[in-house]
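Okay, so here's the structure we're looking at.
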Amino acid sequence: MAYFRKLSEQPDSIRYSFGEDPEEMDRTLIVDTSSRTSTSDDGIADYTFVKASRKIHSVFEERRRWPERGMSVS
């Protein structure tokens with residue numbers, strides 16, 4: 001599982017906290033809104049990062065707006 005929650009939104013980027021537990025989302029994911037690429041604050045592109053990033057982008061594609069929060073389960 002990967003949980004995420006929007007922390008802030010700027011014209012060119014959006015910051016999300018994310019993690020495997022909704023009570024302990026201690027990592028940060030940054031989405032570049034122009035290129036639609038994501039990076040993690042710690043530089044680690046592990047399973048949790050990939051799950052959160054893919055879900056954020058899929059919700060955006062579906063709704064045409066960046067989600068406030070969510071989760072991905074597989």
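- Distance OG/Ser17 to CD/Glu24: 12.0 Å, rounded to 0.5 Å.
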Stepwise side chain to side chain contact (heavy atoms under 4.5 Å, CB included) test for Met71 and Arg5: CA-CA 9 Å; Met71 65 183 267; Arg5 180 180 71 243; over 6 Å; no
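- Counting heavy atoms from C-beta on, the side chains of Ser40 and Leu29 never come closer than 4.5 Å.
- The two residues Pro22 and Tyr3 have their closest heavy-atom pair at CD-CE1, 3.4 Å.
- Within a 6.0 Å sphere centred on CD of Glu9, heavy atoms belonging to other residues, nucleotides or ligands number more than 12.
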Derivation of the side chain to side chain contact (heavy atoms under 4.5 Å, CB included) call for Arg36 and His57: CA-CA 8 Å; Arg36 296 207 183 132; His57 288 276; 4.1 Å; yes
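- A donor-acceptor pair shorter than 3.5 Å can be found between the side chains of Ser72 and Lys51.
- Ring geometry, Phe60 versus Trp66: the interplanar angle falls under 30°, so the pair is classed parallel (tilted spans 30 to 60°).
- When every heavy atom of Phe4 is checked against every heavy atom of Pro67, the shortest pair comes out as CE1-CG, 3.8 Å.
- Under the 4.5 Å side-chain criterion, counting only non-hydrogen atoms from C-beta, Thr48 is in contact with Phe18.
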Stepwise side chain to side chain contact (heavy atoms under 4.5 Å, CB included) test for Arg27 and Ile44: CA-CA 10 Å; Arg27 294 177 66 196; Ile44 300 170; 3.6 Å; yes
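- Contact annotation: the side chain of Glu68 never approaches that of Val59 to less than 4.5 Å [non-hydrogen atoms, C-beta and beyond].
- The 12-atom threshold is not exceeded at CZ of Arg65, counting heavy atoms of other residues, nucleotides or ligands nearer than 6.0 Å.
- With Ser38 as reference, Val31 is the one residue of Val31, Ile14, Ile30 to meet the side-chain contact (heavy atoms from CB on, under 4.5 Å) rule.
- When all heavy atoms are compared, the tightest approach of Thr37 to Ser35 is OG1-OG, 2.8 Å.
- The CZ atom of Arg15 sits 7.0 Å away from the CG atom of Asp41 when rounded to the nearest 0.5 Å.
- Val73 and Met25 fall within a single hydrophobic cluster, where Ile, Leu, Val, Met, Phe, Trp and Tyr are joined by side-chain heavy atoms under 4.5 Å apart, directly or via other members.
- Closest of all the heavy-atom pairs between Ser58 and Lys55 is OG-O, 3.0 Å.
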